[in-house]
There are 2 protein chains.
Amino acid sequence: MTSHHDITANAADTVQADHTLRGFIGYVMKRCFNSVQADLARELEALDLRMLTFSALIVVVDNAGLRQSELAQALSVERPNLVVIVDELEKRGLIKRTQVPTDRRAYALTPTAAGKELYHTALKVVQDHEAKILAGLTDEQVRTLRDALKSIQKSADG
Amino acid sequence: MTSHHDITANAADTVQADHTLRGFIGYVMKRCFNSVQADLARELEALDLRMLTFSALIVVVDNAGLRQSELAQALSVERPNLVVIVDELEKRGLIKRTQVPTDRRAYALTPTAAGKELYHTALKVVQDHEAKILAGLTDEQVRTLRDALKSIQKSADG
DNA sequence: TATTGTTATACTCTATAACTATA
DNA sequence: TATAGTTATAGAGTATAACAATA
């Protein structure tokens, strides 16, 4: 990354301008996650899914009959924010809202046949994506990474 | 997490409802980063900084005189999105925009005395935050984590 | 022609308050 | 009273197109 204005040369040209920030795991994680998120979004675009709609679909298929509040808790998404996600998946015919007979306030979420089919397709896409981004790492490194992220989350949730 | 509606018991009560997603590092990273980001935001609130404004301030102090386009590149933020960040820091008297004599299109960003002071204060806050979230990990685990995140980002950036 | 900073705009994710209908 | 789902709303991060001034 050479510069065309060397007269006003500054540190940005010689060392990483974000050197101090690179010392923070939080910053490194943000940069990493942004890249992962953008790459995954590109790959899920063909299925018209985003990380969040993909996640919701997976949980509904894996836990047919769960309520919206349970889905929200599982994904750590505020209930209001989940409404549009469920709306979208329902309008696309991937999941259904059905009244819970024992509690008329609640809706049980169940996948449709199309939802289950997309589940398998999308899972393959995301599995391939994972394999790609983890290609440079050993199983042991991935294990350590996963454990470390869990530990950090626990500390941050305090 | 016991349920009050065991009649309609489902998997969400017994195993983690997001079990499949937990198998993906991308999902684990998202959940972890959300927690870290929220916690850091709380701690930076006292200084009226966010992760992004903090990051911009750090880079400007460390690289006095760099241009907005260089700051954008350093932080991997699109140029239009950086304008409001720089505006905010400038209005608060933390940095200054000064014309570059050799290129009248460009602005050089330099920190004020107040900016340099906040730099040190904020750095301490974030360093303490880092220590907190990394408390459960050994230096070796943190090293592996950092290397793994860098490797993943590189793969994702393709 | 290309680049710097900017404006306008849109999409997504996240967060909170308040409503309704039930429990 | 409390809870489930919803509506409305706002803040924040991210992305692209297009413009004026300048190189």
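Naming: A, B, ... by sequence-line order, numbering from 1 per chain.
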How far does the helix from dT1(C)-dA23(D) to dA23(C)-dT1(D) bend, going by the axes of its first and last five pairs, to the nearest 10°?
10°

So which of residues 150-158 of chain B are in contact with DNA chain D, with a heavy-atom cut-off of under 4.0 Å?
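Of all residues in residues 150-158 of chain B, none places a heavy atom under 4.0 Å from DNA chain D.
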
Protein proximity profile, nucleotides 18-23 of chain C - base contact B, sugar-phosphate-only contact S, no contact -, cut-off 4.0 Å on heavy atoms:
---BBS

By nearest nucleotide on DNA chain C, pick out whichever of M51(A) and R79(A) is the more 5' one.
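Upstream on the strand: M51(A).
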
Starting at the 5' end of DNA chain C, which residue's closest nucleotide do you reach first, S69(B) or L52(A)?
S69(B)

Has [X] got a side-chain N or O lying under 4.0 Å from the OP1 or OP2 atom of [N]?
X	N	value
N34(A)	dT14(D)	yes
R50(A)	dC13(C)	yes
K30(B)	dT12(C)	no
R31(A)	dG13(D)	no

Which pairs, with at least one residue in [range] and sequence neighbours excluded, count as a salt bridge (Lys or Arg N to Asp or Glu O under 4.0 Å)?
range	value
residues 144-158 of chain B	none
residues 72-86 of chain A	none
residues 119-137 of chain B	D39(B)-K132(B), E43(B)-K132(B)

Nearest-Å distance for atom pair [atom1]/[atom2], residues [X] and [N]:
X	N	atom1	atom2	value
E78(B)	dG5(C)	CD	C1'	14 Å
Q99(B)	dG5(C)	CD	C1'	10 Å
E88(A)	dT12(C)	CD	C1'	11 Å
I85(A)	dT6(D)	CD1	P	13 Å
L71(A)	dT6(D)	CG	C1'	15 Å
L82(A)	dT14(C)	CG	P	11 Å
F54(A)	dC13(C)	CZ	C1'	18 Å
Y27(A)	dG13(D)	OH	P	14 Å

Contact nearer the 5' end of DNA chain D, comparing T53(B) with V86(A)
V86(A)

Quick one: on DNA chain D, does S76(B) or Y107(A) contact a more 5' nucleotide (nearest heavy atom)?
Y107(A)

Lys/Arg-Asp/Glu bridge criterion (N-O < 4.0 Å) met for [X], [Y]:
X	Y	answer
E88(A)	K91(A)	no
R67(B)	E70(B)	no
K96(B)	E90(B)	no

My understanding is that only residues two or more places apart in sequence, or in another chain, count here; which of them pass side-chain hydrogen bond (donor to acceptor under 3.5 Å, both in side chains) with Y119(A)?
D62(A)

My understanding is that only residues two or more places apart in sequence, or in another chain, count here; which of them pass side-chain hydrogen bond (donor to acceptor under 3.5 Å, both in side chains) with E117(A)?
none

Pull out every residue in residues 35-48 of chain A that has a heavy atom closer than 4.0 Å to any atom of DNA chain C, ordered by number, or say none.
none

How many angstroms lie between atom [atom1] of [X] and atom [atom2] of [Y], to the nearest 0.5 angstrom?
X	Y	atom1	atom2	value
Q68(A)	I85(A)	CD	CD1	11.0 Å
Q127(B)	F24(A)	CD	CZ	5.0 Å
R31(B)	I152(A)	CZ	CD1	15.0 Å

Closest approach of A17(A) to N63(B) (non-hydrogen atoms, all atoms of both residues)
O-ND2, 2.9 Å

List for me each residue that meets side-chain contact (heavy atoms from CB on, under 4.5 Å) alongside A114(B), sequence neighbours excluded, and say none if there are none.
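Testing A114(B) for side-chain contact (heavy atoms from CB on, under 4.5 Å), a comparison that skips the adjacent residues, returns L94(B), T112(B).
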
What residues, two or more places apart in sequence or in another chain, satisfy side-chain contact (heavy atoms from CB on, under 4.5 Å) together with A148(B)?
L137(A), L145(A)

If you check every side-chain atom of N81(B), which of dA4(D), dT14(D), dT6(C) has the closest atom?
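Between dA4(D), dT14(D), dT6(C), the one nearest the side chain of N81(B) would be dT14(D).
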
E45(A): what forms a salt bridge (charged side-chain N to carboxylate O under 4.0 Å, His left out) with it, not counting sequence neighbours?
none

